[in-house]
Amino acid sequence: MHFTAWLESYPNPRFGIDEDWIRQAVGRLVTPEGVAQWRRAVEDARDHPDLHFCRVARTVTRAVGFLCGHRAEAEVASIGPMYVLAEFSGRGIGSRLMNEYLSWVGERPVCLWVTVYNTRAIRFYTRHGFEISGERRQWRGKMPIVRMIRHPEWA
């Protein structure tokens, strides 16, 4: 599901990001090692719910979205990653996941990174109180990302 969400969300000819680049960048998600890494992330959230958050939205037969994040010792929590498959977009799944996460985070700032050209995600995060900080990077030397922050007073 995670890899499918990448294929749906990120191809962009302007930035030279195509299916081959995505497969090279995150193809490990579908390897046994990648699957094991995600199992550990879910187990960490179960075993250390004070520090890690990971929720999966499912239909009867499959995962259709998820949101993971961290609430470390520092004052700032982080989101990453969060995806909802395109065919399930617009059904409130992302908002339910986000609201549960924000409730879990409590009264602290939250940050995330989002791809500059993923305007759908940027609009979603903005509706949930995030603002673009202006900090920008190139993920893996190619994908332009921008940091977004949500301060508790925006809640």
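Quick note: residue numbers are just sequence positions, from 1.
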Distance (rounded to the nearest 0.5 Å) between I22 CD1 and R140 CZ: 12.0 Å
Minimum-distance pair of heavy atoms, taken over all atoms of R120 and S89: NH1-OG, 2.7 Å
Least distance between heavy atoms, F3 atom then V26 atom: CD1-O, 3.9 Å
Heavy-atom check, side chain of V84 versus side chain of V64, under 4.5 Å: no
R28 (side chain) donor-acceptor with E33 (main chain) under 3.5 angstrom: no
Flag, side chain of S133 to backbone of R147, donor-acceptor distance under 3.5 Å: yes
Geometric class of the W139/W21 ring pair [parallel <30°, tilted 30-60°, perpendicular >60°]: perpendicular
Flag side-chain contact, heavy atom, 4.5 Å: Y117 against I17: yes
Smallest separation among heavy atoms of M82 and Y125, with atom names: CB-OH, 3.7 Å
Side-chain heavy-atom pair M148, T126 within 4.5 angstrom cut-off: yes
Heavy-atom side-chain proximity of W6 to Y83 below 4.5 angstrom: yes
CZ-CG distance between R71 and D50, expressed to the nearest 0.5 angstrom: 6.5 Å
N/O donor-acceptor pair under 3.5 Å between R108 side chain and P152 backbone: no
Test side chain to side chain contact (heavy atoms under 4.5 Å, CB included) applied to E131 and I149, step by step: CA-CA 5 Å; E131 288 187 345; I149 299 176; over 6 Å; no
Residue pair R136 / V116: nearest heavy atoms and the distance that separates them: NH1-CG2, 3.4 Å
same_hphob_cluster(Y10, F88) at 4.5 Å side-chain heavy-atom cutoff: yes
Atom CZ of R46: over 12 foreign heavy atoms under 6.0 Å: yes
Any side-chain heavy-atom pair of E100 and L67 under 4.5 Å: no
Heavy-atom check, side chain of F130 versus side chain of C111, under 4.5 Å: no
Cation-aromatic face contact R55/F53, 6.0 Å, 45 degrees: yes
I122-L102 co-clustered via ILVMFWY side chain contacts under 4.5 Å: yes
P109 to H151 - nearest heavy-atom pair and separation: CB-ND1, 4.3 Å
Stepwise ring pair (Phe, Tyr, Trp, His ring centres under 6.0 Å) test for Y101 and W104: CA-CA 5 Å; Y101 175 79; W104 175 81; 5.6 Å; yes
Flag side-chain contact, heavy atom, 4.5 Å: D47 against H52: no
M143 reachable from W113 in the ILVMFWY side-chain graph, under 4.5 Å edges: yes
Cationic N near anionic O, under 4.0 Å, E19 to R23: yes
Heavy-atom closest pair, residues C68 and W38: SG-CZ3, 3.7 Å
Within one Ile-Leu-Val-Met-Phe-Trp-Tyr cluster: L85 and V35, side-chain cutoff 4.5 Å: no
